[in-house]
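Down below is the structure, laid out as structure tokens.
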Number of protein chains: 2
Amino acid sequence: MADIARRPDHRYGNRPTMKDVAARAGVGLKTVSRVVNGEPGVTPDTERRVQEAIEILGFRRNDSARVLRKGRTATVGLVLEDLADPFYGPLSRAVEEVARAHGALLINGSSAEDPYREQELALALCARRVDGLIVIPAGTDHRYLEPEIRAGVATVFVDRPAGLIDADAVLSDSFGGARDGVAHLIAHGHRRIGFIGDRPRIHTASERLRGYRAAMEDASLPVEDAWVSVGSTGPERVRSAVREMLAAPEPVTALFAGNNRVLVTVVRALSGHPRRVALVGFDDIELADLLGITVIAQDAAALGRTAAERLFRRLDGVDEAPERVVLGTTLLARGSGEIPPPSV
Amino acid sequence: MADIARRPDHRYGNRPTMKDVAARAGVGLKTVSRVVNGEPGVTPDTERRVQEAIEILGFRRNDSARVLRKGRTATVGLVLEDLADPFYGPLSRAVEEVARAHGALLINGSSAEDPYREQELALALCARRVDGLIVIPAGTDHRYLEPEIRAGVATVFVDRPAGLIDADAVLSDSFGGARDGVAHLIAHGHRRIGFIGDRPRIHTASERLRGYRAAMEDASLPVEDAWVSVGSTGPERVRSAVREMLAAPEPVTALFAGNNRVLVTVVRALSGHPRRVALVGFDDIELADLLGITVIAQDAAALGRTAAERLFRRLDGVDEAPERVVLGTTLLARGSGEIPPPSV
DNA sequence: CTGAAAGCGCTAACAA
DNA sequence: TTGTTAGCGCTTTCAG
């Protein structure tokens, strides 16, 4: 164990290089390169010899070196919030499929909703010279990406817009979706409607709150402070918000849940409640159909696909001004949103 | 557009290099390298000059070149089946967290349950010289990875074991979990129990079927062919399996669902059924608690974490024989598994 | 059709 | 404390 371990020139666990293959096959280095890359201009016989040497040596091209030379990595980076969130899984997968169609691989990481971590990750990806970057922002200031974008890293924001820089963004219509959902409750007779959402510094969260207020205002309904609760999506916080809204002297008769995590907790909280409370949630969740939960659904996969396609269009050299694409949402009426208020 | 686009020597979108920084700061190349890497032996004053130049030029180290030199990429690859599957999200996230703790990034891709795609992906990751590879196998022959492993790519299989090679694997106890679940149904009086699972070439699927048979045999119960249905997890196939099992002259009184996707479809199918049919599923799913669905839960995050920790232990030079780690499952009784058979 | 030489941007090893 | 030189493994260029 003492001296055997020291083999400083055997990196990558001692892998053969093109040079080794060339030596073994008795050809020049460039010929090996040609064969490996399927370039024309090699005799079938020579090619066979090279292939044999590759086989025997177990050669596999070192893409790090290739990248260094070619300047393109055929890799895109995806910075998202939490890979474990069921909303981001399909989004990520959609990005991956588009990348695959373009021969690129995907490096992804989670920011955990921490702006610092988002930046750290995005810059680490840039240091690896990803060709492009898709970012679901955690922070609200993306000026740190300006040098990178200027240097040629194609960048598309998705789910939430970039902060303080002009860049492509693909979003769902959070405002319109929330407004529609709340209007739906109003149409079913509700006048006191509670809103439970995520922290307002998150763009989608504040947009949905704005949609809620707009729908109330459109119907000339007041909004009392006690009906709005925003903050962490942790179960404790959401549970207590539900409890308080329902325990008030004039309790809300309907609730709007601002995202998938809030919705899950609200559903749990309401399941133990004696009175039937109407509910509409933003984001569809699995089995919501069986539970009869009315939701505003957004298409996570379409979000990812659209963003990725835009990214690769940029990488193909299309040079338009940054644009904001907004995808529509769908109201899925399944029962919970159609429960009338008790008084009616 | 004609000649402007041709700037062959301006790669990476024309980014400054250490050489540029050195020139600007009036120092040597190596000094810049020292500053960038936080190595000692640089005067505060020199350091400041270099930092300034870095700032002005918008320099960011090119990790591709660094990797080529150092031989380690600080990247691990994860080949999974489908990033959009809610089972793999938490697994992937857990791997990511461990990688992050070790300063590594994660490249991941989905095989879509296609062995060829798995191989293609795994080898592409090897070509990029990932330090390690975590694979959820789609195929059953992993000899193609032998040269890579021999060349030093640390490799850990997770969720399913490797085929035809000796390698680390971290698995859930599919056999024991399924046996427990079926035994649970038997304990509640069922004698005719149906099993609906995934394609048997998938290791977990065949193990779960084996667990089902073992439980039946332990209770000296026969298993009729019509009670076992394996194949694609597509909704149509699963729906028709449910329909047939319940339409038989002597219908099953309970069902065991072999994985999360099967379970979801079975729940939907049963929700429209007049008779109450007992049900236990493998894998917990969101909101299953509210629907009262009894499941055998496995810990996807623990699976990912354990595999990743093992991987990094290998990368730290630990050299033990390949090992198989099996994590236990938990039966969560919520109602559907405790429904008695009609006759009782 | 084939190969030798230069160099991508960085770090290791050694000088100064 | 600082700089110079040689390469990492590949592709590009250009000459045979």
| Spacing between A:Arg129 atom CZ and C:dG9 atom P, to the nearest angstrom | 9 Å

| Please give, in whole Å, the distance from D:dC10 C1' to A:Arg15 CZ? | 15 Å

| said: Whether B:Thr31 contacts D:dT2 is assessed here as follows: a side-chain N or O lying under 4.0 Å from the phosphate OP1 or OP2. Is that the case? | reply: no

| query | Should we say atom CZ of A:Arg24 is surrounded by more than 12 heavy atoms from elsewhere, each under 6.0 Å from it? | reply | no

| field | A:Arg66 CZ - C:dG7 C1' separation (whole Å) | value | 17 Å

| query | Taking the side chain from A:Thr306 and the backbone from A:Ala302, do they hold a donor-acceptor pair closer than 3.5 Å? | reply | yes

| said: Please pick, from C:dC10, C:dC8, C:dT2, the nucleotide with the shortest atom-to-atom distance to any side-chain atom of A:Val42. | reply: C:dT2

| request: Check whether the side chain of B:Arg69 and the base of D:dG7 form a donor-acceptor pair under 3.5 Å. | output: yes

| Length of the NZ-P vector between A:Lys19 and D:dG7, whole Å | 9 Å

| field | A:Glu39 atom CD, over 12 foreign heavy atoms within 6.0 Å | value | yes

| If you measure from CD on B:Gln119 to CG on B:Asp114, what distance do you get to the nearest 0.5 Å? | 10.5 Å

| Proximity to DNA chain D (any heavy atom under 4.0 Å), residues of residues 32-41 of chain B only | B:Arg34, B:Gly41

| query | Roughly, in whole Å, what's the span from CG in A:Leu29 to C1' in D:dT11? | reply | 9 Å

| What nucleotide, of D:dC8, D:dT11, D:dT2, holds the atom closest to the side chain of B:Thr43? | D:dT2

| note | Rounded to whole Å, the CG-P distance (A:Leu68 to C:dA6) equals 18 Å

| query | Between B:Arg128 and A:Asn62, does any side-chain donor sit less than 3.5 Å from a side-chain acceptor? | reply | no

| query | What orientation do B:Phe312 and B:His102 show, parallel under 30°, tilted 30 to 60°, or perpendicular over 60°? | reply | parallel

| OP1 or OP2 of C:dC8 under 4.0 Å from side-chain N/O of B:Ser64 | no

| message | Let's see if you can work this out: which of C:dC10, D:dT12, D:dG9 has an atom nearest to the side-chain heavy atoms of A:Thr17? | response | D:dG9

| task | Side chain of A:Lys30 only, please: which of D:dT13, C:dC10, D:dC10 is the nearest? | result | D:dT13

| remark: Taken to the nearest whole Å, CG/A:Asn62 to P/D:dG9 is 7 Å

| said: On the nucleotide C:dA12, are OP1 or OP2 found under 4.0 Å from the side-chain N or O atoms that B:Lys70 carries? | reply: yes

| message | Can you confirm whether A:Glu55 is buried at CD, in the sense that more than 12 heavy atoms of other residues, nucleotides or ligands lie under 6.0 Å from that atom? | response | no

| task | Take the protein atom CE of B:Met18 and the nucleotide atom C1' of C:dA12, then report the distance between them rounded to whole Å. | result | 13 Å

| request: Classify the side chain of A:Arg61 and the base of D:dG9 as holding, or not holding, a donor-acceptor pair under 3.5 Å. | output: no

